[in-house]
Every structure is written in structure tokens, then in C-alpha cells.
Amino acid sequence: MSTSESAKEFKPFISSDKILPEFTVTSIILGILLAVVFGGANAYLGLKVGMTISASIPAAVISMGFIRGILKKESILENNMVQTIGSAGESLAAGAIFTLPALYIWTSQWNMGAPNLLSITAIALCGGILGVLFMIPLRKALIVKEHGVLPYPEGTACAEVLLAGEEGGVKAKTTFTGLGIGALYKFITDGLGLFPSEVETTIPGYKGAAIGGDVLPALLGVGFIIGPKISAYMLAGAVIGWFGLIPLIANIGSMGNVVMYPAPVPISELTHTKIWDYYIRYIGAGAVAFGGIFSLIKSLPLIAQTFKDAMKDYSSSIGGNSSNRVDQDIPMKLVLIGTLVIILVMMMLPIIPVGFTGALLIAIFGFFFATVSSRIVGLVGSSSNPVSGMTIATLIITAIIFKASGNDGHAGMIGTLTVGAIICIIAAMAGDTSQDLKTGFLVGATPKKQQIGELIGAVAAALAIGGVLTLLNSAWGFGSDKLPAPQATLMRLVIEGVMGGNLPWALIFTGIGIGVAIELLGLPVLPIAIGLYLPIHLSTPIMVGGIIRGILDKRLKKDENDSSKIKDKIDSGILYASGLIAGEGLIGILLAVFAVVGLNVNMGIDLGQIGALIFFAVLTLSLYMYSIGKKTE
């Protein structure tokens with residue numbers, strides 16, 4: 001069967017001639033609320049561990065629980081609109097936190113004061129709106145015409161959840177339970193201070209080696225969601241750093257008065273944590289940069305074909321709008337006018353410091369990478385979308401152009417990062433919009449209304465993200481142990497390296513060499529590199545969650561007769577884990593508010609590391625009970 005025949009024969013769950021409540025006041029308000037909640041939670045998570053989660057399915061089940069369970073209304077299209085708006089907030093937050101925290105780090109280093117909140121909001125708004133607008137002309141080419149060819153895994157999975165709407169109440173309860181437990185746990189440890197959220201021990205007789213863990217709900221939840229393989233890759237990277245490189249550097253330092261840049265003191269005076277801070281982070285940054293760029297290089301044939309195919313179908317996309325409800329898009333005239341207005345705003349407004357050249361680069365790279373992102377997520381899913389590689393490539397090209405034009409001071413660095421930030425948000429938003437439109441295509445939603453919903457979610461999240469970033473930075477500081485902001489720190493290093501050339505290149509190239517070796521072994525570079533770049537305290541609890549998921553995955557492969565029951569356990573675990581992540585993220589933001597206003601809720605009781613391990617064991621048991629131990633019919 002040909003692609004076009006497959007698309008023509010497809011019948012959505014809700015037929016085009018059937019009208020159900022969709023773009024309602026309820027769906028808009030609930031969607032905006034979830035966009036802000038999941039956007040804030042994802043911002044906290046991404047700044048903590050360098051990765052984010054998809055909010056589509058959790059938003060869908062919460063919507064079903066509220067609309068069906070409380071309001072006693074039944075409309076799959078209304079629930080779909082809620083997840084469309086809600087997931088837009090998560091996606092915009094992901095693009096923002098991968099880049100914008102570098103502005104806060106720079107302004108602190110340069111004693112310039114915190115970044116302008118209005119400027120951060122404007123940057124997020126431009127990226128979010130353009131990400132949606134650039135995707136609209138591609139919908140018919142990628143979602144409709146390529147139906148049966150591009151699976152869009154997350155979008156299809158979300159549609160399946162919506163179609164199983166009668167289970168929405170139970171699933172929503174699972175998510176809310178995880179949210180409550182995650183929030184309570186986070187408040188007890190980092191709020192009341194009943195036990196430390198980080199445990200650590202050194203290895204006797206092995207100088208410089210240490211192992212530890214941040215015993216927190218979000219990390220446990222992340223491990224379950226990403227699964228055992230990615231968790232193990234991350235831990236492998238951490239082991240290279242904390243059991244290989246740090247002890248090696250510590251022992252070299254013990255042989256004499258060895259001072260190695262960028263540390264200002266002899267290695268013998270550095271703790272294992274300081275050795276990680278001064279040396280291992282740069283090695284990890286080199287490995288992450290290699291992984292991001294190499295993933296982009298490997299995608300070049302796909303990128304070229306994608307852009308060629310999209311341009312071929314572009315003329316048919318702008319040729320008018322259908323009278324068929326399920327085939328209506330925002331009019332192309334409005335898309336073009338909106339895009340032109342945003343580009344002119346970026347050129348003229350000083351709070352968006354990109355200038356004419358930067359705005360032109362955003363228009364070119366933005367549409368190109370939106371096209372690439374939309375197709376790649378359709379083929380391999382959002383988790384494999386090389387957004388960081390696209391952003392790094394954009395930063396390198398922009399930095400070279402800005403430096404060649406003499407704009408290589410602080411202003412040039414900020415302008416380069418701003419261009420990269422907007423591109424990063426565009427790519428993330430385009431990928432999310434594609435998944436949401438695929439969900440809508442399967443259930444029979446109205447694309448035009450979904451696209452308006454995406455814009456609403458992007459605007460809501462953009463208005464909130466500046467405040468969230470400013471709050472978190474004021475409380476703990478980006479680049480600190482509390483919020484290492486790994487992706488944004490990497491972007492900062494890339495720009496500084498091109499503009500100033502003052503990086504410890506020997507360490508960077510050591511990381512690149514490790515990345516090359518990993519690639520030659522046929523292993524995925526990015527998760528291992530991220531594990532090397534981050535402290536081992538993050539990878540160990542993630543591995544615990546990954547092990548629980550691994551038990552279920554192993555059972556799924558072995559027992560085909562009970563596959564539906566095991567999949568149900570996995571789904572339940574993912575929803576509970578998503579709740580744990582959201583719960584911790586929300587309390588993390590609340591505690592940041594407490595820190596800024598000077599409110600101390602610490603009880604002065606500390607159960608120590610043993611108490612922390614006991615509480616984490618109980619938390620792990622709760623994840624076990626909502627996944628492996630869940631009773632199925």
C-alpha cells in the first residue's frame with residue numbers, strides 16, 4: 001500500500017462530520033495550568049540533571065481524571081486539547097533551560113546584574129511562537145501524507161491513552177499519587193531537613209574515588225522512564241569519571257606540587273569534588289559536544305531528504321484551506337504575517353539582542369531545524385531528537401559570524417547565545433507540535449484549533465519561564481551543586497571557546513577522544529557523556545529506577561502471553577514516575593521562593609545518611625508497588 005493510499009483510507013476515531021466540545025474554556029484553563037506546572041517542573045529537572053520528560057501523557061490522564069471524573073463530561077477532543085496546551089509548556093521549558101541559564105552565569109561573572117526578566121520572556125515568546133508557526137505548513141506533508149511511514153511514537157502513544165479514556169480516572173489517580181508523594185518527600189528532605197538529600201562515601205585505600213547519590217524522587221522517576229539501558233550508560237560515564245579519571249588525577253597530584261589549569265591551587269589541595277569541578281566537567285563537556293555534533297552529522301542524509309521532501313510539498317500546503325474540519329490549518333496568510341512580525345520584532349527590539357544578522361540567522365536556521373526536528377521525531381521519537389547538536393552547530397556558526405564582524409565582546413557572546421536559545425526553543429517546539437498534531441490526526445481533532453492551543457501553551461509557558469529561572473537562580477545559582485545546569489553550561493563553554501579561546505582545550509579534547517572511542521564501540525555517546533559530565537550522585541539513583549523498569553522489560557520479552565498485563569504495569573509505573581518528577585519540581589520551586597524571601601522551615605533534626613537511605617528505600621518500594629507490584633485483572 002502506498003503512503004498516499006494509506007493516508008486516504010485512514011479514518012480518525014472521531015469522524016470529520018461529528019462535532020464535539022474541543023476548544024472550550026475548561027480545556028484552555030486546565031491546559032494553561034498544566035503548561036505552567038509541567039513547564040516549571042521540567043525546568044527544575046533539566047537544570048538538575050540535563051534532561052526533561054514529555055508531559056503529553058501525564059497531561060492527558062490528568063485531563064481525563066478532571067473532565068471525566070469531576071466534571072462528568074466526556075469528550076476525547078477536549079482532553080486532547082488539554083494535553084496539547086500542557087505539553088507545549090514542557091517543550092518550551094526544555095528549550096529555554098538548555099541555553100538561557102548561561103546568561104545568568106555570565107552576568108554574575110561580569111558583575112552586570114541579573115538578566116532582564118522582560119528580555120528572557122521575549123526570547124522565550126519568539127522561540128515558542130516561531131516553533132509552532134514553522135511547523136504549520138509541514139503538517140499535511142509530514143502528518144497526513146506520511147501516515148503509515150512516520151510513526152510519531154509519543155504522539156501515537158498519547159492517542160492510545162486518550163482512546164482508552166474509560167481508564168482515565170484510575171490513571172490520573174496514579175499520576176496524582178506520585179505527585180503527592182514526590183512533593184511530600186522533597187519537602188521533608190530539602191525543606192524540613194529531616195535527612196540529607198545527598199549521601200556519599202569515599203573508597204578506603206583508593207585515593208580520590210567516591211560514590212554517592214542524590215536520594216530524590218525525580219531521579220528515581222527519570223530512571224524508570226528512560227529505562228535500564230540509558231540509565232546504565234549514564235552510570236557508566238559516571239564510573240569513568242569517579243572511579244577512573246578523578247583517582248588518576250588525585251594520585252598524579254600527590255606526587256608533587258602539581259598545578260594544572262584551570263585549578264588555581266595544587267591538585268594535592270583539591271578534594272575529589274573539586275577535581276570533578278575543575279577537570280572532569282570539561283572532559284565531560286568535550287564528550288557531550290562531540291556526541292551532539294556527531295549525532296547531527298549522522299542525521300545529515302535524513303536532514304537533507306527531509307528538507308527536500310518538505311519543500312516539495314510546501315506549495316500545496318499554502319494553496320488554501322479545506323472545508324473539512326479535520327483538514328483545517330491556521331490560514332497560511334496569518335502564518336506568514338505572524339512569522340514576519342516576529343522576525344521584525346527581533347531585529348528592532350533591544351531586549352532581544354540579536355540585531356539584523358541574528359534575526360536573519362534565526363529565520364533561516366529556525367525554519368530549517370523546525371523541519372528537521374518535525375521529521376526526526378516522527379521517525380525515532382522526541383528522545384532521539386538531536387536538539388543539542390542543532391543548537392551547538394548554530395552557536396558555532398553564529399559565533400564565527402559575530403566574531404568576524406567584530407562583535408566578539410560580552411555583547412557578541414550574549415547575542416550568540418540568544419540566537420542559539422531561540423533556535424533551541426524553535427526545534428523543541430516544532431517537535432512537540434508534530435507529536436501533538438499526530439495525536440490529533442489519530443483521534444480526529446481539528447488541526448487549526450490544536451495549533452491555536454499550541455500557541456496559547458507557548459505564550460503561557462514563556463510568561464512563566466522567566467520568573468521560574470530568575471527565582472531558581474536567586475535561590476541556588478545556576479552552575480552550583482544544587483542546579484548544575486549542564487546543557488546551558490556546555491553552550492556557554494562552546495561560545496567562550498570560539499569567542500575567547502580561553503578554554504582548557506587539552507581537557508576538552510580528552511573528552512572528544514573518549515567520545516570517539518565510545519562511538520567506535522557502537523555505543524550511544526550522549527548518555528555516557530552526560531553521565532561523565534554530571535556528578536555520580538545523579539546517575540546512581542537514576543540507575544535504581546532503571547533497574548525496576550528493567551525487571552518489567554525483561555518479563556515483557558519472556559512472557560508474550562501476559563504482555564498486556566506487563567505493559568499495563570509499565571504504563572502505571574511511567575505515570576507514577578511522572579508524578580514523582582512533577583511533585584519534586586513543584587516543591588523545588590516552592591523552596592526556591594522560601595529561600596529568596598528568607599523563610600526557613602528546617603526542623604533542626606537530621607537522621608543522617610542512614611535515615612536518607614531508609615527513606616529512599618521506602619520511596620523505591622512505592623515505585624515498585626505501582627509498577628511491578630501493581631495488581632492487574
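Along the sequence shown, residues are numbered consecutively beginning with 1.
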Could you walk me through whether Met390 and Phe368 pass the side chain to side chain contact (heavy atoms under 4.5 Å, CB included) test, one step at a time? CA-CA 10 Å; Met390 298 178 201; Phe368 180 70; over 6 Å; no
Hey, does Thr398 have a side-chain heavy atom less than 4.5 Å from the side chain of Ile423? no
Measuring from atom CG of Asp329 to atom CG of Leu334, what distance do you get when rounded to the nearest 0.5 angstrom? 12.0 Å
Exercise: identify the closest heavy-atom pair between Ala218 and Ile581: O-CG1, 3.6 Å
Measuring only between side-chain heavy atoms, which start at C-beta, is Val443 closer than 4.5 Å to Ile14? no
Short side-chain to backbone donor-acceptor contact, Lys569 and Lys630, under 3.5 Å: yes
Approximate separation, where rounding is to 0.5 Å, of Leu442 CG and Phe13 CZ: 12.0 Å
Distance col, row Leu437:CG vs Gln450:CD, nearest 0.5 angstrom, shows 5.0 Å
Check whether Thr339 reaches the backbone of Val335 with its side chain - one donor and one acceptor, N or O, closer than 3.5 Å. yes
Using modelled atom types only, decide if a donor and an acceptor are shared between the side chain of Ser627 and the backbone of Gly573 within a distance under 3.5 Å. no
Looking only at non-hydrogen atoms, find the nearest pair between Pro228 and Asp553 and report the distance. CD-OD2, 3.6 Å
Please confirm whether the backbone N or O of Val82 pairs with a side-chain atom of Ser63, one donor and one acceptor, at under 3.5 Å? no
Closest heavy-atom contact between Met64 and Asn79? CG-ND2, 3.4 Å
Minimum heavy-atom separation for Arg549 to Ile225, with atom names? NH1-O, 3.3 Å
Does the pair Phe369 and Ile426 meet the rule for a side chain to side chain contact (heavy atoms under 4.5 Å, CB included), with working shown? CA-CA 8 Å; Phe369 284 137; Ile426 287 172; 5.9 Å; no
May I ask you to test the Leu20-Glu78 pair for a side-chain heavy-atom distance under 4.5 Å? no
Should Cys158 and Gln435 count as side-chain neighbours, where that means a heavy-atom distance under 4.5 Å? no
Name the orientation class of the two ring planes belonging to Phe367 and Phe134 (parallel below 30°, tilted from 30 to 60°, perpendicular beyond 60°). perpendicular
I'd like to check Phe294 versus Val525 (side-chain heavy atoms, cut-off strictly below 4.5 Å). Are they in contact? no
Would you confirm whether Ser572, through its side chain, and Asp568, through its main-chain N or O, come within 3.5 Å as a donor-acceptor pair? no
Any donor-acceptor pair under 3.5 Å from Arg325 side chain to Gly444 backbone: yes
Determine, stepwise, if the pair Met429 / Glu454 fulfils side chain to side chain contact (heavy atoms under 4.5 Å, CB included). CA-CA 9 Å; Met429 284 296 302; Glu454 291 280 357; 4.2 Å; yes
Student check: side-chain heavy atoms of Ile401 and Thr357 closer than 4.5 Å: yes
Would you call Leu580 and Phe224 a side-chain contact if the rule is heavy atoms closer than 4.5 Å? no
Taking all non-hydrogen atoms of both residues into account, name the closest pair between Ile362 and Leu130 and its distance. CG2-CD1, 4.1 Å
Please tell me whether Tyr152 and Phe441 form a close aromatic pair, meaning their ring centres lie under 6.0 Å apart. no
When rounded to the nearest 0.5 angstrom, what distance separates CG in Leu179 from CD1 in Ile62? 7.0 Å
Point-to-point distance, once rounded to the nearest 0.5 Å, from CD1 of Ile97 to CG of Leu469: 8.5 Å
Exercise: do Asp436 and Thr84 side chains pair donor with acceptor under 3.5 Å: no
Rounded to the nearest 0.5 Å, how far does CD1 of Ile337 lie from CG of Leu133? 11.5 Å
Mark yes or no for whether Thr416, through its side chain, and Leu395, through its backbone, hold a donor-acceptor pair below 3.5 Å. no
Looking at every heavy atom in both Gly95 and Ile425, which two are closest together, and how far apart are they? C-CG1, 3.6 Å
Under the 3.5 angstrom rule, does the side chain of Thr446 hit a backbone N or O of Lys449 as a donor-acceptor pair? no
Check against side chain to side chain contact (heavy atoms under 4.5 Å, CB included), Met346 and Ile422: CA-CA 10 Å; Met346 291 189 296; Ile422 294 174; 3.7 Å; yes
Side-chain touch Lys140/Asp327, heavy atoms, less than 4.5 angstrom: yes
Any side-chain to backbone donor/acceptor pair from Thr174 onto Tyr576? Under 3.5 Å, distance only. no
Main-chain N/O of Ser87 paired to Ser91 side chain as donor or acceptor, under 3.5 Å: no
